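Before any comments, here is the structure.
One-based numbering, in listed order, for ligands and for the atoms of each. Everything quoted here is computed from the prediction, not taken from an experiment. The chain is numbered in sequence order, starting from 1.
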Amino acid sequence: MCTKPHPIAIKAYHMFFDSNLGDMGLFPGTVQVEKEVISQLGELLNNTNATGFLVTGGTEANLMALLAARNKAKAEKPEVILPHSAHFSFNKICSMLKIKAIYLPLDSTFRVKVSEVEKKINKNTVAIVGTAGTAELGAIDPIEEISESAVENDVWLHVDAAFGGLILPFLKESPPFDFKLLGVTSITVDPHKMGMAAIPTGGILFRDKALIELIKTETPYLTGKTQFTFAGTRTGASVASAWAVFQFLGREGFEKIVTNCIKNTTTLAKGLEKIGYKVLCEPQLNIVAFRGKNTKKIAEILGKKGWFTSYIPQYDCIRVVLMPHTKPKHIARFLNDLA
Ligand SMILES: Cc1ncc(COP(=O)(O)O)c(C=O)c1O
């Protein structure tokens, strides 16, 4: 789900490789660059008040969201409600934060059964998680309905849009998933995925400034005096790389790239069906999951031919992510080998 960073991201990364956002007082310029990236992400996700940080990736971003949610709720036996399709990072996070994971079943389109959410909310619920673009299938949970439940029950809703967050805003039509929905409290959105920033660059956004106080740590011997991120020393190079890509591409540039990725996705999905493979669900993002007669074996054979696809045992399928560097000639060659 990561791609080769954009050339301008690489250039900017080198210019900032000695900056450290762990000590914010020493690097005020880099702090400002991060603020600008967060502000652009906030604008894209329909909230100009959003506050947040660039971290190492979706895992750390999800960790920060659940840490803040747990600190806010102060539940005796904290629980989080998650779709079965939630990213495996939540297993690590729940184990670290000692939060019990309550998993919900999916419907036939691989999205969480929203009717189940309500049943699981109780006094120990610290957050509900929804995914806007699952890692395996690119499925988008019904965030709008989940948001309604979150508002009604006054529960934190975290949206993991690590992958989808830099695709959905650039589509002509997309289901609502961001801060426009009143229940959405925090969002993970990773510039190192579809944002073509340097690896690693993840992002965590909170609905408002007050929420970051929940994860504040005093750092008396540093010039910055406080930190909000889990990581102490934190590179500004990633931040600069994201900033540069955003400036260089602008909304129009991203729209073009995303449109092309979706076009390639449709070509691949149609091509697969034509040669007898079953596409598991209609792609909503630039991810295609398909199945053949002996899918695991097919994945192995593809590997021998130099195609390193992911085989997903849970769904017995092969997943292909059509990243921005993919060209029609790659798809044609892939389909030919599969045929
Ligand atoms: C939806 C989702 N959330 C979280 C993550 C974890 O991100 P990272 O590997 O950057 O920590 C991924 C990674 O692919 C993802 O797709």
Indicate whether any N or O donor in one side chain lies under 3.5 Å from an N or O acceptor in the other, for Gln32 and Glu36.
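Looking only at side-chain atoms, Glu36 and Gln32 do form a donor-acceptor pair, the distance falling under 3.5 Å.
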
Between the side chains of Thr265 and Asn286, does any donor sit under 3.5 Å from an acceptor?
no

Are Glu213 and Lys216 close enough for a salt bridge, meaning some N to O gap below 4.0 Å?
yes

Show the short N or O contacts, below 3.5 Å, that ligand 1 makes with protein N or O atoms; if there are none, say 'none'.
| residue | atom | partner | partner atom | Å |
| --- | --- | --- | --- | --- |
| ligand 1 | 3 (N) | Asp160 | OD1 | 3.1 |
| ligand 1 | 3 (N) | Asp160 | OD2 | 2.6 |
| ligand 1 | 7 (O) | Gly58 | N | 3.3 |
| ligand 1 | 7 (O) | Lys193 | NZ | 3.0 |
| ligand 1 | 10 (O) | Gly58 | N | 3.0 |
| ligand 1 | 10 (O) | His192 | NE2 | 3.0 |
| ligand 1 | 10 (O) | Lys193 | NZ | 3.0 |
| ligand 1 | 11 (O) | Gly58 | N | 3.3 |
| ligand 1 | 11 (O) | Thr59 | N | 2.8 |
| ligand 1 | 11 (O) | Thr59 | OG1 | 2.6 |

With ring pair (Phe, Tyr, Trp, His ring centres under 6.0 Å) as the rule and sequence neighbours excluded, what pairs involving residues 214-264 come up?
His6-Phe248, Phe53-Phe228, Phe170-Phe254, Phe246-Phe254

Taking the hydrophobic residues Ile, Leu, Val, Met, Phe, Trp and Tyr, and joining any pair whose side-chain heavy atoms are under 4.5 Å apart, which ones share a cluster with Leu182?
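Same cluster as Leu182: Val151.
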
Considering residues at least two apart in sequence or located in another chain, which fulfil the ring-ring contact (aromatic ring centres under 6.0 Å, His included) criterion with His14?
none

